[in-house]
Amino acid sequence: MPISPSLNIIFAGTPQFAAVALDALIYSPHHILAVYTQPDRKAGRGLKLTPSPVKEAALMSKLPVYQPVSLKNGSEQERLASFNADIMVVAAYGLLLPAAVLNMPRLGCINIHPSLLPRWRGAAPIQRTIYAGDTKTGVTIMQMDEGLDTGPLLLQRDMMLAQDETAQTLHDKLAKLGAEALIEALDLLAQGQIKPKPQDNNLATYAQKMSKEEALIDWNQPAIELEREIRAFNPWPVAYTSWQGQNLRIWMAKALQEVHNATVRTILHASREGIDIVTGDGVLRLLQVQLPGGKAMLATDFYNAHRDKLIIGQHLL
């Protein structure tokens with residue numbers, strides 16, 4: 001089998017999703033000229049400046065790292081141009097790429113997007129996929145243009161969601177799938193064997209960014225929708241409700257179809273198996289919860305610690 005020609009690449013990304021792709025690139029035949037990532041941010045209880053996962057991966061492999069606050073100014077664009085790259089690979093970078101940058105490399109800029117575009121363009125495709133009840137998703141390697149995830153499709157790989165998929169588990173699966181798809185796409189691009197395919201804008205949906213306000217449980221909604229919301233909001237911002245005057249975070253739950261005549265928000269049943277709450281349609285069993293200042297705990301431990309307060313027929317408020 002003939003060896004694919006290698007490409008000279010600039011890589012731009014910031015979080016763990018992008019770091020997985022960078023690791024795959026490091027072990028590929030392609031050559032990484034430079035790594036761009038966002039400036040170090042304060043994190044943790046001590047608010048220490050913390051490098052991004054991409055920066056950590058790059059430094060481990062002794063790759064040159066650049067952390068501009070913007071790519072809009074001329075000096076940064078001159079430095080980018082000086083690399084004379086064949087292509088720029090972008091994965092959750094977090095900075096806008098001006099038209100001058102998009103057109104700078106010989107093969108332009110490509111992006112790893114964790115959805116099957118044109119479905120779920122935007123900031124939170126992984127979470128919205130779960131929230132909407134999609135059964136299939138995947139990754140798209142896309143030629144970037146000036147629109148929001150509107151560029152031509154180069155390569156797509158799909159996968160089915162597990163029934164208990166959370167945003168975290170799906171993130172990890174798509175990060176791996178995206179890294180594999182990236183290497184495949186780069187090999188094909190190096191051989192001139194990819195034909196870009198325009199997106200069908202009529203099929204586009206928008207993945208709006210998640211918010212803490214959206215994480216407040218509305219118990220009038222059907223249990224199956226609330227289960228999806230809880231899985232979509234795990235690990236951030238985490239769905240929550242009110243119980244005993246405190247915010248109770250819900251990390252895991254399961255929708256049940258039970259016949260009853262209780263009102264919405266009522267505790268229908270409580271045991272070591274879970275705490276069953278009446279919803280607008282069906283019952284939601286809480287399986288893992290967390291009180292302020294405490295750790296997330298399974299229903300068994302929560303029930304043992306708060307059995308006397310979990311009164312059947314009581315409303316959550």
Side-chain angles (χ1 to χ4, degrees), residues 3-41 49-113 140-155 175 178-196:
I3 299 174
S4 299
S6 63
L7 296 173
N8 291 319
I9 294 170
I10 296 172
F11 184 87
T14 299
Q16 183 60 31
F17 181 89
V20 175
L22 177 58
D23 282 337
L25 263 182
I26 289 167
Y27 290 99
S28 77
H30 304 287
H31 180 54
I32 304 170
L33 302 172
V35 173
Y36 277 69
T37 190
Q38 288 214 28
D40 296 357
R41 307 291 189 202
L49 278 177
T50 304
S52 72
V54 161
K55 181 179 180 179
E56 290 182 336
L59 293 179
M60 284 282 289
S61 295
K62 297 180 170 55
L63 295 171
V65 176
Y66 301 90
Q67 297 177 276
V69 296
S70 172
L71 294 176
K72 294 180 180 179
N73 63 68
S75 60
E76 287 297 343
Q77 292 181 13
E78 286 176 10
R79 180 161 65 182
L80 266 171
S82 71
F83 291 114
N84 197 28
D86 292 314
I87 197 166
M88 185 170 182
V89 173
V90 181
Y93 182 28
L95 287 186
L96 178 70
L97 269 59
V101 173
L102 291 172
N103 298 320
M104 197 174 287
R106 177 175 65 87
L107 297 174
C109 301
I110 65 172
N111 176 251
I112 311 171
H113 187 81
T140 300
I141 309 299
M142 174 194 70
Q143 189 81 45
M144 297 179 69
D145 60 16
E146 292 186 72
L148 179 64
D149 302 324
T150 56
L153 310 176
L154 300 176
L155 186 145
E180 294 168 356
L182 170 66
I183 303 304
E184 183 180 353
L186 288 172
D187 291 346
L188 292 170
L189 282 167
Q191 299 170 50
Q193 292 185 7
I194 283 187
K195 184 178 180 180

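For the single chain, residues carry numbers from 1 onward in sequence order. A quick note: this is a predicted structure, and the numbers were derived from the prediction, not measured.
- Side chains of E76 and S70 form no contact here, defined as non-hydrogen atoms less than 4.5 Å apart.
- In this structure, S61 contributes its side chain and L63 its backbone to no donor-acceptor pair below 3.5 Å.
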Quick one, L7 with L107, criterion side chain to side chain contact (heavy atoms under 4.5 Å, CB included). Give me CA distance, side-chain angles, the key distance, then yes/no. CA-CA 10 Å; L7 296 173; L107 297 174; 4.1 Å; yes
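- The CD1 atom of I26 lies 9.0 Å from the CZ atom of F11; values are rounded to the nearest 0.5 Å.
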Assess whether side chain to side chain contact (heavy atoms under 4.5 Å, CB included) is satisfied between Q67 and K55, documenting all intermediate values. CA-CA 9 Å; Q67 297 177 276; K55 181 179 180 179; 3.0 Å; yes
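- Using a distance-only test at 3.5 Å, with no hydrogens or angles considered, no donor-acceptor pair links the side chain of Q193 to the main chain of A185.
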List the steps, then state whether side chain to side chain contact (heavy atoms under 4.5 Å, CB included) holds for T50 with D40. CA-CA 5 Å; T50 304; D40 296 357; 6.0 Å; no
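- Note that CD of E56 is 10.0 Å distant from OG1 of T37, once rounded to the nearest 0.5 Å.
- Side-chain contact check for L80 versus Y36: some heavy-atom pair is nearer than 4.5 Å.
- The shortest heavy-atom contact between G178 and I112 is CA-CG2, 3.9 Å.
- Here the side chains of M142 and L154 are not in contact, with every heavy-atom distance at 4.5 Å or above.
- For H30 and D187, the side-chain atoms include at least one donor-acceptor pair closer than 3.5 Å.
- Between A18 and A91, the closest heavy-atom pair is CB-O, 3.1 Å.
- The side-chain heavy atoms of I9 and L186, taken from C-beta on, include a pair separated by under 4.5 Å.
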Evaluate I141 against N111 for side chain to side chain contact (heavy atoms under 4.5 Å, CB included), listing each step before the verdict. CA-CA 6 Å; I141 309 299; N111 176 251; over 6 Å; no
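- Side chain to side chain, T14 and S52 fail the donor-acceptor criterion of an N or O pair below 3.5 Å.
- Considering L97, I110, V101 as possible partners of M144, the one that fulfils the side-chain contact (heavy atoms from CB on, under 4.5 Å) test is L97.
- Put simply, the side chain of D86 never gets that close to the backbone of R106: no donor and acceptor are under 3.5 Å apart.
- In this structure, A57 and D23 approach most closely via the heavy-atom pair CB-OD1, 3.8 Å.
- Separation of atoms CG (L22) and CE (M60) is listed at 11.5 Å; rounding is to 0.5 Å.
- Residues G147 and D145 approach most closely at N-OD1, 3.0 Å, considering heavy atoms.
- Rounding to the nearest 0.5 angstrom, the gap separating the CG atom in L95 from the NZ atom in K72 is 9.5 Å.
- Between Y27 and I183, every side-chain heavy-atom pair lies at or beyond the 4.5 Å cut-off.
- Centroid-to-centroid, the aromatic rings of F83 and Y66 come within less than 6.0 Å.
- The line from CG of L155 to CG of L188 is 6.5 Å long, rounded to the nearest 0.5 Å.
- Scanning all heavy atoms of the two residues, the minimum distance from Q143 to C109 falls at NE2-O, 3.4 Å.
- Looking only at distances, no side-chain donor or acceptor of Q38 sits under 3.5 Å from a matching main-chain atom of V69.
- Between the side chain of Q77 and the backbone N or O of L71, at least one donor-acceptor pair lies under 3.5 Å.
- Nearest heavy atoms, P15 versus A92: CD-O, 3.0 Å.
- You'll find the side chain of V89 stays beyond 4.5 Å of the side chain of I10, heavy atoms only.
- To the nearest 0.5 angstrom, N84 atom CG is 11.0 Å from M104 atom CE.
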